[in-house]
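Reading through the structure tokens given below for one structure.
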Amino acid sequence: MYIATVIPISKGIPFDTLSYYSAELLDRGTIVSVPFGKQKINAIIAECHNLSEAKTAIKQASFALKKINSVTGHVPLLGAVIDGLVETSARTLSPLGAIAAAVMPSTLFDYVTVEKIITIADETAQHIDKKSFNEESVVGTIADRTDYYKRLIRTAFAAKKSILFIAPTIKNLEQWKTILQKGIPKHIVTVHSKTTKKNLRSAFALIKQSDRPLIIFATPGYSVLPRQDIGTMIVEDESNATYKTSDRFKTDLRIFLGAFAKSAQLQLCWGDTIPRLETLERTQKTQLPRSFIADKLHIVPVEPYRTILPTEVIEIIRHAETKKKRLYVYATRKGVAPLSRCSDCGTIVTCEVCGLPMVLKNRRTSEGLEERYFVCTHCVATLPATHTCSYCGSWNITPVSIGTESIRDAITALVGPEAVTTIDDDLTPDGNTIETLLTNSEKQKFSIIIGTIKVLPFLKNINYTLFPFFDRLLSTPSLYTTENTLRLVMECNEKASDGVLLFTRQPEFPLIKQLETQKINSIIGDELTLRKEIGYPPYGSIIKISLTVPEGYRLSVIEKMQSFVTDMEATMMPARRISAGSMKVLLIWILKTNTSYIEEEGPTLASFLTSLHFPYMIEENPERL
């Protein structure tokens with residue numbers, strides 16, 4: 001008789017591991033079916049010991065051990081998967097089961113069960129070369145990265161090794177598949193959440209049975225696949241925030257991918273126009289090639305203006321209309337105005353419920369008329385456009401930051417609505433809608449596409465990219481503003497055939513001056529130096545702690561939390577209600593710590609937060625504070 005410790009593959013189980021007994025000794029990484037309450041769940045064997053080694057612990061246990069229902073099978077490299085799960089859990093405080101569920105598709109277990117893949121654990125070990133692990137950053141344009149990946153593919157295929165190609169979105173994945181599959185279509189397999197069950201079965205069968213090396217294109221949710229000969233993992237669009245899960249744990253799956261590749265001794269490539277600075281630092285790639293510059297970039301100083309668009313932007317649009325050029329106008333935010341303030345006293349229009357800045361938007365009334373109104377994007381509370389200043393009572397409320405709808409209205413007044421296409425989260429909620437709009441736009445010789453960064457992966461055949469409010473882009477409250485801005489400019493430089501125009505009131509601002517003089521490495525070097533001085537990533541960590549508590553417990557929770565972080569560099573953000581009419585408030589603390597804080601002190605922090613008995617979330621280095 002044996003005692004097995006298993007990792008449950010489920011997001012809803014509050015335990016990292018569970019214990020069961022088994023009549024046979026099971027290898028680490030074996031997939032089993034176990035009872036949990038009234039249901040059966042899949043799990044992975046983490047350890048399996050003889051009953052005699054744990055006899056004392058079993059006698060003292062307050063529960064009776066249950067038997068493993070059945071052995072499902074074994075998937076190659078599952079031992080490395082377990083190592084990756086454990087390291088990711090230690091670095092993020094996410095439950096092992098939640099991480100496993102995020103990277104292992106449920107259809108995999110159905111396939112393993114039907115095909116009866118019983119034991120290839122010993123065979124898998126023979127495929128791991130203990131000296132083969134290598135991690136690198138692949139920097140450059142899509143064309144540059146394509147050339148590198150093609151050389152990598154030829155080398156891997158010559159060594160009879162397969163490649164696992166990970167991209168964060170289906171759109172991104174399909175684009176890279178189209179680029180890399182030319183000449184080798186029989187070596188290509190694609191799996192993601194939109195793949196039909198029939199095609200998934202065919203894909204899994206090909207992955208398991210094909211004797212030729214493959215390129216397996218997959219989203220992060222399909223990172224664990226039944227293939228023994230994977231020698232290289234490519235993680236594309238490395239800086240994309242969607243590598244973080246959408247559940248309450250916000251687990252960064254890039255941590256799992258890196259830990260899994262290291263344990264499995266794979267060659268690991270982080271690809272992007274410019275990967276995150278912490279990745280460049282870790283892979284010692286902070287000096288980019290001198291040829292990697294924004295060669296189509298132009299800095300356009302603008303004079304103070306009273307209209308929505310600067311005069312210089314209007315002149316470029318008029319020129320493009322005459323010459324029949326296609327423009328992309330970048331907008332930082334959706335809506336009419338993401339921020340509005342009183343022109344008399346400077347007070348920002350904020351939500352009366354939660355205190356956050358309100359967004360000015362358009363809507364249609366029941367009579368079919370268009371009107372403007374203020375809305376809180378957090379709790380959805382609204383105010384009429386006739387709202388007066390809460391401090392001085394003035395009616396002189398003006399937009400501070402301009403959104404997609406304001407830019408659209410201003411450009412439509414210049415060139416008419418037929419040539420203008422607007423894309424943001426409100427107007428175009430899904431990729432199919434975006435592609436339809438852009439396809440229609442491409443039929444016109446002169447057209448203007450207005451959109452947030454959401455439109456960038458879909459853009460093609462653009463002559464000019466315009467940043468009409470570049471200064472506001474630099475004022476975004478994020479840890480990653482500089483690197484995100486640099487990456488955005490470089491991506492637009494690649495997309496636009498004729499030029500990228502940055503309109504600014506501060507042409508002498510250091511970063512803008514460095515962009516103008518093509519000093520990309522200086523921007524990266526200065527940013528890393530600054531981060532090192534102030535202890536920001538990758539030289540330190542920023543921890544965001546969010547607590548949702550009833551209003552009546554607000555003061556007691558704040559007192560306990562403040563006492564816990566007394567000896568730390570901590571800042572409490574203003575409390576706000578979670579929704580209009582709710583009696584619950586959201587409390588947020590920002591901690592500045594060393595890089596090892598989560599691994600060393602994370603369990604203590606989680607235990608303390610659990611003792612408060614209210615829902616909480618811990619994020620390391622969040623995109624927004």
Checklist entry - When you look at R531 and E483, which way does the salt bridge (Lys or Arg N to Asp or Glu O under 4.0 Å) test go after all the steps? => result CA-CA 12 Å; R531 291 189 183 190; E483 65 176 272; 2.7 Å; yes

Checklist outcome for this item: Here the pair of heavy atoms bringing M104 nearest to L78 is CE-CD2, 4.0 Å

Checklist entry - Using a distance-only test with no angle check, is there a side-chain donor-acceptor pair under 3.5 angstrom linking D526 and Q514? => result yes

Checklist entry - Hey, is the main chain of L288 close enough, under 3.5 Å, to the side chain of N521 for a donor-acceptor pair? => result yes

Item to check | Value rounded to 0.5 Å, distance of OG1 in T146 from CZ in R151 | outcome: 11.0 Å

Checklist entry - Can any side-chain N or O of R276 pair as donor or acceptor with the backbone N or O of S239 at less than 3.5 Å? => result no

Checklist entry - Which word best sums up how the rings of F467 and Y330 line up, parallel for under 30°, tilted for 30 to 60°, or perpendicular for over 60°? => result tilted

Item to check | Lys/Arg-Asp/Glu bridge criterion (N-O < 4.0 Å) met for K171, D237 | outcome: no

Checklist entry - Got a donor-acceptor contact below 3.5 angstrom from the T190 side chain to the F217 backbone? => result no

Item to check | 4.5 Å side-chain heavy-atom contact, I216 and Y222 | outcome: no

Next on the checklist: Can you tell me how far apart CE (M568) and OG1 (T593) are? Round to the nearest 0.5 Å.
Outcome noted: 6.0 Å

Next on the checklist: Quick one, Y243 and D252 - any side-chain contact, counting heavy atoms below 4.5 Å?
Outcome noted: yes

Checklist entry - Taking everything shown except K519 itself, do over 12 heavy atoms lie less than 6.0 Å from its NZ? => result no

Item to check | Shortest non-hydrogen contact between P603 and L93, atoms and distance | outcome: N-CD2, 4.0 Å

Next on the checklist: Between R91 and E87 (salt bridge meaning N to carboxylate O under 4.0 Å), is one present in this structure?
Outcome noted: yes

Checklist entry - Strictly by modelled atom types, are D424 and T452 linked by a side-chain donor-acceptor pair under 3.5 Å? => result no

Checklist outcome for this item: Distance col, row L609:CG vs I545:CD1, nearest 0.5 angstrom, shows 5.5 Å

Checklist entry - Going by heavy atoms in the side chains, are L486 and L511 under 4.5 Å from each other? => result no

Next on the checklist: Could you tell me if the side chain of F165 sits less than 4.5 Å from the side chain of K177, heavy atoms only?
Outcome noted: no

Checklist entry - Parallel, tilted or perpendicular for F256 and F260, by the 30°/60° rule? => result parallel

Item to check | OH (Y536) with more than 12 external heavy atoms under 6.0 Å | outcome: no

Item to check | S541 vs L591 side-chain heavy atoms within contact, under 4.5 Å | outcome: no

Checklist entry - So, does T169 use its side chain to make a donor-acceptor pair with the main chain of N172 at under 3.5 Å? => result yes

Checklist entry - Are H187 and I153 close enough, and set up right, to give a side chain to side chain contact (heavy atoms under 4.5 Å, CB included), and what steps lead you there? => result CA-CA 11 Å; H187 294 260; I153 291 167; over 6 Å; no

Item to check | Side-chain heavy atoms of K262 within contact of E135, under 4.5 Å | outcome: no

Item to check | Heavy-atom closest pair, residues V224 and P105 | outcome: O-CD, 4.0 Å

Item to check | Heavy-atom side-chain proximity of Y149 to I163 below 4.5 angstrom | outcome: no

Item to check | Reported CD1-to-CG distance for the pair I13 and L96, which is rounded to 0.5 angstrom | outcome: 11.5 Å

Item to check | Least distance between heavy atoms, I462 atom then T465 atom | outcome: CG2-OG1, 4.2 Å

Item to check | Note: R282-E278 ion pair, threshold 4.0 Å (strictly below) | outcome: no

Checklist entry - Where the side chain of D247 meets the backbone of K250, is there a donor-acceptor pair that is under 3.5 Å apart? => result yes

Checklist entry - For N621 and K244, which heavy atoms make the closest approach, and how far apart are they? => result O-NZ, 3.4 Å

Checklist entry - Looking at R227 and P213, what are the two nearest heavy atoms and their distance? => result NH2-CA, 4.0 Å

Checklist entry - Just checking, any donor-acceptor pair under 3.5 angstrom between side chains of E238 and T279? => result yes

Item to check | CA sep, side-chain torsions, deciding dist, call: T92, E620, side chain to side chain contact (heavy atoms under 4.5 Å, CB included) | outcome: CA-CA 7 Å; T92 64; E620 184 174 22; 5.8 Å; no

Item to check | Donor-acceptor contact below 3.5 Å, side chain K544 vs main chain P622 | outcome: no

Item to check | K532 (side chain) donor-acceptor with Y539 (main chain) under 3.5 angstrom | outcome: no

Item to check | Heavy-atom donor-acceptor pair, S89 side chain to V86 backbone, under 3.5 Å | outcome: no

Item to check | Verdict with supporting geometry, T548 and M617, side chain to side chain contact (heavy atoms under 4.5 Å, CB included) | outcome: CA-CA 9 Å; T548 303; M617 182 168 67; over 6 Å; no

Checklist entry - Can you check side chain to side chain contact (heavy atoms under 4.5 Å, CB included) on L488 and N484, steps first, answer last? => result CA-CA 6 Å; L488 175 62; N484 287 344; over 6 Å; no

Checklist entry - Taking the side chain from S263 and the backbone from A259, do they hold a donor-acceptor pair closer than 3.5 Å? => result no

Checklist entry - For the atom pair CG (L515) and OG (S522), what is the distance rounded to the nearest 0.5 Å? => result 11.0 Å

Checklist entry - Is a side-chain N or O of N493 found less than 3.5 angstrom from the main chain of M490, in a donor-acceptor match? => result no

Checklist entry - Taking atom CD1 of I523 and atom CD1 of I520, what is their separation to the nearest 0.5 Å? => result 4.5 Å

Next on the checklist: Is the shortest side-chain heavy-atom distance between Q175 and I142 below 4.5 Å?
Outcome noted: no

